[in-house]
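Remarks on the structure that follows.
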Amino acid sequence: MNKGGNPRKRPPPSYTRQPSPATKHQATAPTPLPQSTEEDFVDEDVFLDETLVGEEDVESLILRNLEEREALTFRLSKWARPPLSNAYISQSRSIVFQQLEIDYVIGESHEGLLPYSSGPAAIIRIFGVTGEGHSVCCLVHGFEPYFYINCPPGMGPDDISHFHQTLEDRMKEKNKNSRVPKFVRRIELVQKRSIMYYQQQKSQPFLKIVMALPTMVASCRGILDRGIQIDSIDLISHAPEGEFSKMAPFRILSFDIECAGRKVANLVTLQGEDQPLIRNVMTLNSCSPIVGVDVMSFDTEKEVFLAWREFIREVDPDIIIGYNICKFDLPYLIERAQTLGIAEFPILGRIRNSRAMQRDYKLSSYSLNSVSAHFLSEQKEDVHHSIISDLQNGNAETRRRLAVYCLKDAYLPQRLLDKLMYAYNYVEMARVTGVPISFLLSRGQSIKVLSQLLRKSKQKNLVIPNVKRAGSEQGTYEGATVLEAKAGFYEKPIATLDFASLYPSIMMAYNLCYCTLVTPEDVRRLNLPPECVNRTPSGETFVKPNLQKGILPEILEDANSVYGFTGATVGQLPCLEISSSVTSYGRQMIEHTKKLVEDKFTVLGGYEHNAEVIYGDTDSVMVQFGVSDVEAAMNLGREAAEHISGTSTKPIKLEFEKVYYPYLLISKKRYAGLFWTNPKKDIPGAVQYVKNTISDLLMNRMDLSLFVITKGLTKTGDDYEVKAAHVELAERMRKRDAATAPNVGDRVPYVIIKAAKGAKAYERSEDPIYVLENNIPIDPQYYLENQISKPLLRIFEPILKNASKELLHGSHTRSISISTPSNSGIMKFAKKQLSCIGCKALISNADQTLCLHCKGREAEHYYKTVSQVSELEELFGRLWTQCQECQAGIVQYFTEGRKHRKIW
DNA sequence: TACGGCCCCTAA
DNA sequence: TGAGTTAGGGGCCGTA
C-alpha cells in the first residue's frame, strides 16, 4: 500500500512552488484519485500529481463557476473504481492481479529492499487489474540485466575478479559523466550450454555478467525474463491455469468524437460484461436528454476538454479503444487542446509526466470499417462535416441527434472487440508466447518466437547467442517448388490435396532445431550412426530426438511463425541451415506426392483413368483423376491423401481438401475454380456480361470510383529507379498541397486520364478527387487495353473461340464515346423562377415563400419542410454509410444536382 | 518491337 | 535497433 496510509485519500497537495490560486482551488474541489493500488514493496508514487499544473496555467483551471466544477466532480466520482477493502488497506492480504502491461523505468535503487546497492537502477512496472477491478501498478526492484559470455578456458576466481575490474574501468571510461557507482554489478561463473548446434557435453562454463542498467546490455531481452527473487518477498507468477486462467474485469473505454460539433461520447465496459458500465456524452452547448445516457453539456470547448480529461482520470481505463483514434481522434484532441491553450490537457496518463497514448497501437485500422460491416452488419456512420455544423448550430434537439451518432460510433469498436474476442485472443496469445500484450500490437512476429525460445532455453539451461548484424551477402536460400501449371479449362472435377501446416510438420518430423544441428566438422568428428541423424535434402545434418530433442519442434506445438523466424537474416537468431532444410524437405514432399499419385492411380494399377497432377504450389497438388463424377473424385482424393500420409514421417499429413469443378488454370499462381456445388459455368452469359461492361466502359457509363487504381508508396520519390504512375502523382500532389499529399507508407489512389497520344501512363495519372472537381475526362481505352484485355483473354481464351475478336472488337466496342457531362445542355435555355412552397404557383416577390392563396398555412408548411429535411438527412446518412463500403473508404462521391462533391 | 529490370502484389 | 520467408505474375519503363 501507499506508505501514506489509505491510498484512496488524495495526499495533501504538496506543492514545491509558492502557494498559488490553484492550491486553494484544488483544495476546495479535490479530484478523487484513480484507485490504483500498489504492492507492498513499492514506494514509488504513481498517483496523478497536481504539481503538473504550471503556474501560468493555474488561472485557466479555475472555472467561472466553482459550483459547476464541483457538480462535475461529484458526477464523475461515481465512476471511480470500487473502493479498496480494509484487507487491502491494512496490508493483510496478498494481491493477485492479471498483468496487462509491463515496462521499466530508471529510478533510484531501493535502500530498504536492496541495502547493498545504490545509484540508478531499473525498476520494473507491472500494470494490471485484480479480480475485484482494482488497478494495480506493481513496482519490482532488484531486476538485474545480464548476459552470458563463453568462459575463457582456464579462467579461475582470481582471473574473474581481475576481468571484472578491467571491464568496470572500461565502462567508467566510456561513461565519464554517469553517476552510476558500479556498472558491472558482478560476474558469476555458471554452467550452461549454447542453443547452437548439437553438443555431446551437457554444459560448459559461462560467465554471467550482471549490469546495473538494461541500457548497458544493449538489448531488451532481459526485460522478458521475470521471476526475480527479492529478499523476503516473492513475487509469484502464476501459470494461467484454473483460478488464474480467468480474465480480470479490465476497464475498456471506447470513445468517439464529432470534432466540428465538439462532442465526446464515452462508453466504458468491464471485460466480460455484455453492456457498458458507463455511457455518457459530453457536448458543447445544451443537448436534449438521451435515455440511458448521461448527457453533460458545457458552455465552452475548454470545459468539454477538461471534463473529458477528468473523466479519463476518474474512470482510469486499462485499455482505450476507438475507431482510428490513434490516427485521428487523439492527435486532434491534443492539437486542439494546444490551440485552445489547455496545456494541462494532454496529461491523460496514469504516471505523472507521461503523456497520453505515446504508443499507438493499430488494430487493423485499415479495414476496420469493412470488418465491422462484415461482422456486425453495420458501419461507423461518420457524419459529414457540413451536417455536423448544421446539427451543432441548431438547437438542443439537433445536438441530441449528433450525440446519438457519436454514441453509436463509440459503441461500434466495443462490440467489435467483443464479437471478435480480441481481448481473449490477445491475452491468450500473450500467455502462450510470454510477451506483454502491447508487444502483440506494436511489434512483429519474431518477438513472439524469440520470447518462447528464451523461455524454453531457460528451462533447459541453454543460452542464446547474440548474433551480430548479418552481412547482406549471405541470406538467400531456395524456397518452395511450384509445379509446372498445365494451363487449361478443366471440365472434369479437380481434387485438391494439401499438406496441413507443412513447414511446422517438417520441423517436428525431422527434429529441426538450433540445438540439433550438427556442424560439418562434428559430422566428420563424431561419426554419429545413421540411425541417430537425419540428413536433409539440402545437405544438413540434424540429430534425432533420442540424442537431443529440439526446442523449435516443442514451440511449434503452440505457435507457427517459426520457419520465417529462422530465415530472417536481419532477425535475432537466423539459422539458414534450418530454413533451407525445411524448404528442401517441402520440395521433396511435393515432388514425391506428384510422383506417387501419378504412379499409383493408373489404368495399369486397376483404376478407370490415369491420374494427372495439373498443378501444385508449395504444399498442395491439384489432381485430375479423370473421373467425371464429383463424388468419385472426392473418394479418389481421400484415398490418395491417406496413401501418401502413410508414407510420410509423422506428423506430416496430406489431406484431401476440396474438389473444384470446373477449374480454370491460367498459369502458376493464377487459377479460378468453382466448388462442386456450382456445377455449371454459364459461358454465353459471361460473354454477354463482359460485352455489356465493355460497352458501358467505352460509353462513359461507369462510376469514377471503379476506375481508381491504388498502389502503395513504399519509399520516397527520389529512391525510385523508374517513374511510376503513383509515384509521379504523389509528387505532383505534393506540389499542389503538401499537407494532403500521400506520404511514404500511404496508398495512392489514382485514375488514368486522357492526354496526348504517346504520353506515358505516369504522366496521365491523376488524383480522383482532382478529376472530379475539374471534370477531367478519364481514358477508357487505357483501362480496356492495359487493365482489362489481357486478364480477360487469359480467362476466356481456353473456353471461347476467337475470344479477342468476340470480346474486344465486337460491335459493342463501336459505341460512340461521350465525353464528360457538362452544363451545356438544355438547361441553358431554362430560366429560374420562384414558386410557392405550398402549391408551386409562380410568385414574383423574392421575399415570399408562399403565394397569397397559401398564406396563413405557414405552420403546416414549415412542419412539412422540416420533416422533409429530416428525411433527406436520414437518406444522406444511409447513402454515406453505403458509400463507405466501396473503395475501402478512401474516396467517396455523391452527386448533388449536377455538382460533384467529395467526402472523405 | 523485344527484353531486362524495377516495382507491386499475391500465393503459399 | 526493429523487421517472418521465397516464388512468381504482370505492369510498365527504358533501352537496344
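By convention in this document, chain letters (A, B, ...) are assigned in the order of the sequence lines, proteins followed by strands, and residues within each chain are numbered from 1.
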Handout entry: Presence of A/R443 side-chain N/O under 4.0 Å of C/dA3 phosphate oxygens OP1/OP2
Key = yes
Problem - B/dC8 phosphate, OP1 or OP2, under 4.0 Å from A/Y720 side-chain N/O - result: yes
Practice task
Could you tell me the separation between the OH atom of A/Y563 and the P atom of B/dA12, rounded to a whole number of Å?
Solution key: 15 Å
Handout entry: Atom-to-atom span, CG of A/N786 to P of C/dG10 - whole angstrom
Key = 15 Å
Problem - A/S446 (side chain) donor-acceptor with A/Q572 (main chain) under 3.5 angstrom - result: no
Handout entry: Pairing of A/K486 and A/E612 as salt bridge, 4.0 angstrom limit
Key = yes
Practice task
Using heavy atoms to find the nearest nucleotide of DNA chain C for A/T481 and A/K790 separately, return the residue whose nucleotide is more 5′.
Solution key: A/T481
Problem - Contact under 4.0 Å: A/R794 side-chain N or O vs C/dG10 OP1/OP2 - result: yes
Handout entry: Any A/Y762 side-chain N or O less than 4.0 Å from OP1/OP2 of C/dG14
Key = yes
Problem - Interatomic distance, A/L552 CG vs C/dT5 P [rounded to whole Å] - result: 16 Å
Practice task
Looking at every strand, decide which applies to A/S579 at a 4.0 Å heavy-atom threshold: base, sugar-phosphate, or nothing.
Solution key: nothing
Fill in the blank from the handout: Among the nucleotides B/dC8, B/dA12, C/dG14, whichever has the atom closest to the side chain of A/D617 is B/dA12
Exercise for the section: Just call it for A/A724: base, sugar-phosphate, or nothing, with non-hydrogen atoms closer than 4.0 Å on any strand. Expected result: nothing
Completion exercise
Testing C/dG4, B/dC8, C/dC13 for proximity to the side chain of A/S446, the answer is C/dG4
Exercise for the section: Using only side-chain N and O atoms of A/Y671, determine if any of them is under 4.0 Å from OP1 or OP2 of B/dA12. Expected result: yes
Handout entry: Short side-chain N/O contact from A/T583 to OP1 or OP2 of C/dT6, under 4.0 Å
Key = no
Problem - Whole-Å gap separating C1' (C/dC13) and CG (A/L729) - result: 17 Å
Problem - Short side-chain N/O contact from A/R670 to OP1 or OP2 of B/dA12, under 4.0 Å - result: no
Exercise for the section: Nearest 0.5 Å please: distance from the CD1 atom of A/I795 over to the NZ atom of A/K790. Expected result: 14.5 Å
Practice task
Sticking with atom C1', work out how far B/dA12 lies from C/dG4, rounded to a whole angstrom.
Solution key: 13 Å
Problem - Residue pair A/Y514 / A/S194, side-chain donor-acceptor N/O under 3.5 Å - result: no
Fill in the blank from the handout: A/D619 CG to C/dT5 C1', in whole Å, measures 14 Å
Exercise for the section: Using whole Å, report how far CG of A/D719 lies from C1' of B/dC7. Expected result: 13 Å
Exercise for the section: Nearest whole angstrom, please: distance from the P of C/dG8 to the OH of A/Y615. Expected result: 9 Å
Practice task
Give a yes/no answer on whether the side chain of A/K668 brings an N or O atom under 4.0 Å of OP1 or OP2 in B/dA12.
Solution key: no
Exercise for the section: Indicate yes or no: does A/E484 engage A/K668 in a salt bridge with an N to O separation below 4.0 Å. Expected result: yes
Exercise for the section: Decide if the gap between the ring center of A/F542 and the ring center of A/Y510 is smaller than 6.0 angstrom. Expected result: no
Handout entry: Candidate nucleotides C/dT5, C/dG14, C/dC12, ranked by approach to the side chain of A/Y782 - the nearest
Key = C/dC12
Exercise for the section: Find the distance A/Y585:OH to C/dT6:P and express it as a whole number of Å. Expected result: 20 Å
Practice task
Using a heavy-atom cut-off of under 4.0 Å over every strand shown, decide if A/K448 touches base, sugar-phosphate, or nothing.
Solution key: nothing
Handout entry: Sugar-phosphate only, base, or nothing, as touched by A/K669 at under 4.0 Å among non-hydrogen atoms
Key = base
Exercise for the section: Report which part of the nucleic acid A/Y503 touches: base, sugar-phosphate, or nothing (heavy-atom distance under 4.0 Å, all strands). Expected result: nothing
Problem - Side chain of A/Y477 - closest among C/dA7, C/dT5, C/dG14 - result: C/dT5
